[in-house]
Amino acid sequence: MTTTLEAPPRTAPPAASAPRPNRTGTLLSVLAWLVGILFIIPVLWMLLTSFHSEADAATNPPSLFAPLTLEGYANFFGAQTGASPWPPLLNSLTASVLSTALVLLLSIPAAYALSIRPVRKWTDVLFFFLSTKMLPVVAGLLPVYLIAQGIGMLDNIWLLIILYTSMNLPIAVWMMRSFLAEVPVEVLEAASIDGCNLTRTLRTVVAPMVLPGIAATSLICFIFSWNELLFARVLTATVAQTAPVFLTGFVTSQGLFLATVCAASVVVSLPVLIAGFAAQDKLVQGLSLGAIK
Amino acid sequence: MSTEVQPRTGPAWDRSAEEKAALRRAGDWARRAPLLPALIFLIIVTQLPFVITLVISFMNWNAYYPDERGFTGFDNYRRVLTDVNTRDSIITTIQLTVSVVLVSLVLGLLIALLLDRAFRGRGVVRTMMITPFLVVPVAAALVWKHALYNPEYGLFNGVLTWIFGENAPQPDWISTMPLTAIVVSLVWQWTPFMMLIILAGLQSKPLDVIEAARIDGCSSWQIFRYMTLPHLRQYLELGALLGSIYIVQNFDAVFTITSGGLGTANLPYTIYQIFYNAQDYGRASAAGVVVVIGTIIIATFALRTVSSLFREEGAR
């Protein structure tokens with residue numbers, strides 16, 4: 001991935017990489033900056049408003065230079081909003097981390113069976129995984145609700161963990177397959193000639209090579225689990241409520257709660273932002289299911 | 001890339017056919033074993049519920065009237081397909097998906113072209129561009145609803161006041177253009193995704209061929225039209241495909257920004273409502289099955305696209 005870095009030195013740079021500063025080039029660079037700023041403004045606005053007092057947040061025109069305060073955060077974590085956000089945040093963390101762990105446990109062997117020593121008709125299997133991702137979640141919601149009700153799993157974090165695992169498993173299998181497929185056959189053959197058995201080859205040769213891929217897969221599964229709203233909204237109530245469901249409490253919030261809403265949005269988004277920036281260079285490959293290198 | 005596609009077989013030339021077959025069977029199972037846990041898990045958790053949905057869709061089952069439960073044939077389907085609300089939500093879903101995917105794809109392409117050039121601070125601009133995609137969808141929708149669109153203290157009307165002063169127009173964005181309000185917020189979230197995929201495509205384009213074309217006197221536009229764009233085609237297709245998968249199923253933005261009101265209820269939201277508020281399990285299931293059928297039709301085309309991408313990888 002060269003995307004995070006400046007373009008590598010190209011021996012014969014095309015005009016696209018601006019060989020010498022000219023007017024058009026400068027204009028395009030300024031334009032790129034403007035577009036970037038335009039796209040980040042809502043996020044910056046959310047951040048700035050979250051540090052304003054409720055009174056300063058709700059003015060027209062907006063007060064850019066109002067004094068900064070932690071009032072919004074205090075309200076979010078305090079009693080102002082009615083309930084503590086800590087249990088939902090912890091539930092989200094539990095559901096995301098455990099389902100990600102389960103996804104890895106199931107997807108890595110599956111990806112191995114689809115890449116390094118592939119089963120027959122492995123493409124069909126791979127496409128079956130992808131097709132489950134295309135089926136709309138909402139059509140499976142009711143039976144899941146009824147089954148969970150029947151076995152007493154409603155409002156139980158384990159139900160979400162299982163659902164999030166199934167939601168991310170196809171993506172993870174596709175991603176891990178593409179990362180494993182990058183391991184050159186020659187390396188595997190060399191290891192086997194050197195007398196490595198399968199376990200040893202996997203541990204000493206394959207694992208270190210795909211570790212960045214495993215990390216990226218984990219982070220993307222974590223992000224999707226953390227973001228999920230529909231299942232969590234229908235299947236949890238008070239005990240297993242997740243952070244996005246907690247946020248929906250602000251949907252109808254009116255008047256002087258803008259700073260609190262923004263503070264809540266910042267806090268809930270923070271883990272995803274961190275995970276996303278950490279996975280940045282493998283993000284594209286992950287999001288495109290490994291179809292793009 | 002294509003070499004590991006071939007199943008590797010050991011030296012088996014000196015064995016009898018029978019022995020070979022037995023070995024192959026054992027080998028097949030050894031290969032299959034790591035795959036099975038994931039496959040079985042996925043079938044149980046995702047396919048089984050759909051079978052149950054199918055069964056319930058033929059039942060008269062409303063949680064408010066538990067005594068009237070029973071099979072009714074195609075009754076639910078007739079009600080779903082003749083219901084004005086459901087039909088409206090089908091149209092809304094199509095409008096929402098097509099507009100968000102198209103606009104974010106075009107914007108993503110333009111921005112990717114801008115970011116493909118080397119310039120000062122490119123990494124910073126790229127990071128700024130990615131950030132919208134990383135804000136939790138509910139949080140993003142909340143911020144758009146309360147901090148940007150709000151007619152009294154939202155940023156948009158605040159900017160209008162800055163520019164035009166006291167008498168600036170102060171539109172109520174969400175109630176005057178509800179669907180557009182949702183589309184804009186989703187375009188903001190999904191343009192970065194399209195941009196990332198297209199940028200990856202741009203950076204994998206064959207530089208030597210383009211250099212040769214330039215030396216041959218091709219203009220920048222000709223190079224873009226006849227070389228870059230065809231090269232990008234599969235990346236555009238992939239972006240559209242993956243974007244569609246997620247945006248067709250969008251629930252967060254519709255739920256948060258308008259709560260499905262003002263003609264913005266899409267299919268996921270409508271089904272959620274039939275199930276969650278009306279408790280009409282039979283009708284919710286029938287609507288779910290209709291969505292699945294629609295999705296299968298679209299997915300058939302979509303899978304063909306991915307499949308072509310995939311063959312290219314295999315041939316590399």
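Numbers restart at 1 for each chain; the letters A, B, ... are given by sequence-line order, proteins then strands. Both backbone and side-chain heavy atoms feed into the values below; hydrogens, waters and symmetry mates do not.
- With a 4.5 Å cut-off on non-hydrogen atoms, A/Val125 touches chain B through its side chain but not through its backbone.
- Taking B/Asp280 as the reference, B/Arg79, B/Arg283 meet the salt bridge (charged side-chain N to carboxylate O under 4.0 Å, His left out) condition, with sequence neighbours excluded.
- Contact of A/Leu230 with chain B is made through backbone and side chain together, with heavy-atom distances under 4.5 Å.
- For chain B, no part of A/Leu48 is nearby; none of its heavy atoms comes within less than 4.5 Å.
- Closest of all the heavy-atom pairs between B/Ala38 and A/Leu169 is O-CD2, 3.7 Å.
- Checked against the 6.0 Å centroid threshold, B/Tyr246 and A/Phe224 count as a close aromatic pair.
- Counting only heavy atoms from C-beta outward, the side chains of B/Trp144 and A/Met46 never approach each other to under 4.5 Å.
- For A/Arg233 and B/Tyr272, the side-chain atoms include at least one donor-acceptor pair closer than 3.5 Å.
- There is no contact between A/Leu105 and chain B, counting heavy-atom distances below 4.5 Å.
- For a residue to count as touching a neighbouring chain, one of its non-hydrogen atoms must lie under 4.5 Å from one of that chain's; by this rule A/Ile147 touches chain B with the side chain only.
- Between the CG atom in A/Leu38 and the CD1 atom in B/Ile111 there is a gap of 8.5 Å [rounded to 0.5 Å].
- If you measure heavy-atom distances from B/Trp61 to chain A, the contacts under 4.5 Å come from the side chain alone.
- Within the 4.5 angstrom heavy-atom criterion, only side-chain atoms of A/Leu114, from C-beta onward, approach chain B.
- Annotation for B/Ser285 and A/Leu142: closest pair OG-CD2, 3.0 Å, computed over non-hydrogen atoms.
- Heavy atoms closer than 4.5 Å to chain A are found in the side chain of B/Thr295, but not in its backbone.
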Name the atoms and distances for all side-chain donor-acceptor pairs under 3.5 Å in residues 47-54 of chain B, with sequence neighbours left out.
{"residue": "B/Thr53", "atom": "OG1", "partner": "A/Ala139", "partner atom": "O", "Å": "2.8"}
{"residue": "B/Thr53", "atom": "OG1", "partner": "B/Pro49", "partner atom": "O", "Å": "2.9"}

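- Contact of B/Glu152 with chain A is made through the backbone alone, with heavy-atom distances under 4.5 Å.
- In this structure, no portion of A/Ile274 lies under 4.5 Å from any heavy atom of chain B.
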